[in-house]
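Heavy atoms only: backbone and side chains are in, while hydrogens, waters and symmetry mates are out. Since this is a predicted model, take the numbers as computed values, not measurements.
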Amino acid sequence: MSSTEHDALLGPADIRELAATLGVRPTKQRGQNFVIDANTVRRIVRTADVGPDDVVVEVGPGLGSLTLALLETAAHVTAVEIDDVLAGALPATVEARLPQRKDAFDLVHSDAMQVRELPGPAPTALVANLPYNVAVPVLLHMLDTFPSIERTLVMVQAEVADRLAAAPGSKVYGVPSVKANWYADVKRAGAIGRNVFWPAPNVDSGLVSLVRRAEPVATTASKREVFAVVDAAFAQRRKTLRAALAGWAGSAVAAEAALVAAGVSPQARGESLTVEEFARIAEHKGAAA
């Protein structure tokens, strides 16, 4: 790798200088922590298995640390940024540091939760350092809206990473775990220290890899119907499913009928069920009728 390529990435001094020039102060409200370590962004690109054929969508690019590393490798990168100042500055950063790749870059100035379409070819990968406060809804929205995304690697708060990758029976298995598993096989893909960020957060971060399921969950129930069961089951974690699903089914008796028909014990709790079992329960709503 030539020194000019290496110089394309942003180091701690570059990040602070860029922020000062733009008058940017990372805000807690948007969960902004900028990555200031070139080795970390290269590691993320490597772990995400981004190759020269990939079309990558990045959410929350900030000052562009990860964007530049992605552009060095991917065929095309589309960044989605909500912040007016950051969105305004990013194309100039790309042009200044990787001028030969500027045509491979698109910017969408929008709230990621509102994005329904992207310019250019369909994305094959999602790679992002997601703001802590919106990580799960943004991730699920992107996976749902863009079925062409085959591989995802997100950097999130360690606790969120644990929840997303948790298996049934785990203490932290819950709504994010089941919903992410509806779309993908999910696993932890490493830890990230606090010192690679500016400002350094007071929590650890983790990488989560999501590889889209080759076959969707086999069910006659819709995603909305399955997710309604999941939400109800975990709204009252300590209760048995017979009690927790009473509101969803119309009564505890109706909930028990649906559970029995689905082959699930009415005395079980939500944290012991797979996404397939939740789907079976959704299919049997109204079994007592």
Can W248 and I281 be said to form a side-chain contact (heavy atoms from CB on, under 4.5 Å), step by step? CA-CA 11 Å; W248 163 81; I281 296 167; 3.7 Å; yes
Take S209 and T47 through the test side-chain contact (heavy atoms from CB on, under 4.5 Å) and record every step on the way to the result. CA-CA 8 Å; S209 156; T47 307; over 6 Å; no
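Closest heavy-atom contact between A8 and L98: CB-CD2, 3.7 Å. When all heavy atoms of S170 and A166 are compared, the closest pair comes out as OG-CB, 3.8 Å. Shortest non-hydrogen contact noted between L90 and L63 is CD1-O, 3.8 Å. G263 and R280 get closest at one heavy-atom pair: O-NH2, 4.4 Å. When all heavy atoms of V275 and R213 are compared, the pair lying nearest together is CG1-NH2, 3.3 Å. For the residue pair M155 and I192, the shortest heavy atom distance occurs at SD-CG1, 3.6 Å.
At a threshold of 4.0 Å, the pair K179-D231 counts as salt-bridged, since one of the basic side-chain nitrogens sits closer than that to a carboxylate oxygen. A salt bridge between R163 and E159 is present, with a side-chain N of the basic residue lying under 4.0 Å from a carboxylate O of the acidic one.
A donor-acceptor distance shorter than 3.5 angstrom exists from the side chain of R151 to the backbone of D49, with no hydrogens or angles considered. Using a distance-only test at 3.5 Å, with no hydrogens or angles considered, no donor-acceptor pair links the side chain of Q114 to the main chain of D111. Between the side chain of N33 and the backbone N or O of P199, at least one donor-acceptor pair lies under 3.5 Å. Under the 3.5 Å distance criterion, the side-chain polar atoms of E256 are left unmatched by any main-chain donor or acceptor of P266. A donor-acceptor contact shorter than 3.5 Å is absent between the side chain of D162 and the backbone of A165. A donor-acceptor pair under 3.5 Å is absent between the side-chain atoms of K285 and the main chain of V229, judged by distance alone. Between the side chain of R212 and the main chain of E150, no donor-acceptor pair closer than 3.5 Å is present. Using a distance-only test at 3.5 Å, with no hydrogens or angles considered, a donor-acceptor pair links the side chain of H141 to the main chain of V115. A side-chain donor-acceptor contact under 3.5 Å links Y173 to the backbone of L273. In this structure a side-chain-to-backbone donor-acceptor pair under 3.5 Å is present from S148 to P123.
Using a 4.5 Å heavy-atom cutoff, the side chains of P61 and L86 are not in contact. In this structure the side chain of D14 reaches within 4.5 angstrom of the side chain of R97, judged on heavy atoms. Residues L9 and E72 form a side-chain contact, since some pair of their non-hydrogen atoms from C-beta on lies under 4.5 Å apart.
Interatomic distance, CG of L153 versus CG of L207, reported as 5.0 Å (0.5 Å rounding). Taking OG of S110 as the start and CD of E81 as the end, the distance is 10.5 Å to the nearest 0.5 Å. Distance CG/L130 to OG1/T152: 9.5 Å, rounded to 0.5 Å. A distance of 5.0 Å separates CG in L143 from CG in L139, rounded to the nearest 0.5 Å. Expressed to the nearest 0.5 Å, how far NZ of K102 lies from CD of Q100 amounts to 10.5 Å.
L126 and L118 fall within a single hydrophobic cluster, where Ile, Leu, Val, Met, Phe, Trp and Tyr are joined by side-chain heavy atoms under 4.5 Å apart, directly or via other members. Under the 4.5 Å side-chain contact rule for hydrophobic residues, F234 and V217 share a cluster. V172 and L164 sit in two unconnected hydrophobic clusters of ILVMFWY residues. Membership requires side-chain heavy atoms under 4.5 Å apart, directly or through other members. There is no path of hydrophobic side-chain contacts, each under 4.5 Å, that joins V156 to V211.
Of the candidates L10, L66, V24, V24 is the only one forming a side-chain contact (heavy atoms from CB on, under 4.5 Å) with F34. Checking V45, I44, D54 one by one against L70, the side-chain contact (heavy atoms from CB on, under 4.5 Å) holds for a single residue, V45.
Between F227 and W182, the two ring planes are perpendicular [angle over 60°; tilted spans 30° to 60°].
Within a 6.0 Å radius of CZ in R238, no more than 12 heavy atoms belonging to other residues, nucleotides or ligands are found.
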